[in-house]
Amino acid sequence: MTIQSVDVLYTAVATAENGRDGRVASDDGKLDVVVNPPKELGGSGAGTNPEQLFAAGYSACFQSALGVVARREGADISGSRVTARVGLGKTAEGGFGLTVELAVSIPGVDAATAQDLVEKAHQVCPYSNATRGNIAVELTVV
């Protein structure tokens with residue numbers, strides 16, 4: 001497996017206590033959340049969970065990548081939205097894995113242009129680059 005070389009521009013730092021049933025906080029205090037397993041996995045569902053945090057990060061990052069691509073292509077993506085659905089399940093090997101669906105709405109462009117922008121954003125987005133080959137990511141233009 002090849003490790004991508006990156007010229008680091010920013011490093012986020014967060015610390016978890018008690019894993020899926022505890023707390024996660026960033027070193028700058030801007031993020032401080034209670035995490036609990038969802039009810040579907042036998043937890044209380046009282047707090048957020050790692051999959052929700054991943055979905056939030058991926059959708060925001062992909063939206064930004066879409067903006068970068070749109071500026072390069074001269075496309076207007078005003079009113080666009082990215083919804084990430086992150087699934088957690090068991091793998092054939094007995095561990096756990098994730099799936100991702102990114103549903104992208106770009107109301108101001110035709111379907112072919114929207115699909116092209118989404119495919120190009122998938123090549124730019126750091127989350128997409130980090131997950132490529134490891135997690136099934138489905139891209140849907142809605």
Side-chain angles (χ1 to χ4, degrees), residues 1-6 8-73 75-142:
M1 180 175 171
T2 303
I3 302 297
Q4 180 179 333
S5 176
V6 176
V8 176
L9 302 173
Y10 168 75
T11 299
V13 179
T15 302
E17 299 171 359
N18 296 322
R20 289 184 165 273
D21 206 2
R23 175 179 165 259
V24 177
S26 61
D27 65 335
D28 62 5
K30 293 181 181 179
L31 176 72
D32 191 342
V33 295
V34 172
V35 289
N36 299 115
K39 289 181 180 182
E40 296 85 349
L41 297 178
S44 70
T48 189
N49 60 66
E51 292 70 38
Q52 288 174 325
L53 295 170
F54 187 75
Y58 203 160
S59 62
C61 188
F62 198 88
Q63 178 74 39
S64 292
L66 186 63
V68 167
V69 169
R71 281 188 295 283
R72 287 181 187 165
E73 301 285 322
D76 181 4
I77 62 163
S78 299
S80 64
R81 297 173 61 119
V82 176
T83 301
R85 291 176 178 84
V86 175
L88 171 67
K90 292 186 177 181
T91 66
E93 297 79 23
F96 292 90
L98 299 174
T99 62
V100 174
E101 178 194 351
L102 297 176
V104 183
S105 171
I106 312 173
V109 301
D110 62 82
T113 300
Q115 187 66 44
D116 183 58
L117 292 170
V118 167
E119 293 291 338
K120 288 177 178 175
H122 192 47
Q123 298 306 310
V124 171
C125 177
Y127 274 65
S128 293
N129 290 331
T131 60
R132 188 169 288 109
N134 298 309
I135 295 175
V137 176
E138 179 183 342
L139 303 173
T140 306
V141 176
V142 294

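For this chain, numbers begin at 1 and follow the sequence in order.
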For residues 31-42, the side-chain hydrogen bond (donor to acceptor under 3.5 Å, both in side chains) pairs (sequence neighbours left out) are Asp21-Asn36, Arg23-Asp32
Side chains of Asn49 and Leu41: does their closest heavy-atom pair fall under 4.5 Å? no
ring-ring contact (aromatic ring centres under 6.0 Å, His included) pairs touching residues 119-142, sequence neighbours excluded, are Phe54-Tyr127, Tyr58-Tyr127
| message | When you measure from the side chain of Thr131 to the backbone of Ile135, do you find a donor-acceptor pair of N or O atoms at a distance under 3.5 Å? | response | no
Between Thr91 and Phe96, the two heavy atoms sitting closest are CG2-C, 3.6 Å
Residues Lys120 and Val69: closest non-hydrogen pair is CB-CG1, 3.6 Å
Minimal heavy-atom distance between Cys61 and Cys125, with the atoms involved, is SG-SG, 3.6 Å
Tightest non-hydrogen contact, residues Leu102 and Ala84, listed as CD2-CB, 3.7 Å
Let me have the donor-acceptor pairs involving side chains of residues 105-115, under 3.5 Å, with sequence neighbours excluded, atom names and distances please.
unit_1: Asp110; atom_1: OD1; unit_2: Ala112; atom_2: N; d: 3.1
unit_1: Asp110; atom_1: OD1; unit_2: Thr113; atom_2: N; d: 2.9
unit_1: Asp110; atom_1: OD1; unit_2: Thr113; atom_2: OG1; d: 3.2
unit_1: Asp110; atom_1: OD2; unit_2: Thr113; atom_2: OG1; d: 2.9
unit_1: Gln115; atom_1: NE2; unit_2: Glu119; atom_2: OE2; d: 3.0

Item to complete: Report the C-alpha separation of Leu117 and Leu66 in whole Å, then their side-chain angles, then the decisive distance to 0.1 Å, and conclude whether the side chain to side chain contact (heavy atoms under 4.5 Å, CB included) test is met.
Response: CA-CA 7 Å; Leu117 292 170; Leu66 186 63; 3.9 Å; yes
What one should report as the nearest heavy-atom pair of Gly47 and Gln52 is O-OE1, 4.4 Å
Counting only heavy atoms not in Arg81, do more than 12 sit closer than 6.0 Å to its CZ atom? no
Side chains of Ile77 and Gln63: does their closest heavy-atom pair fall under 4.5 Å? yes
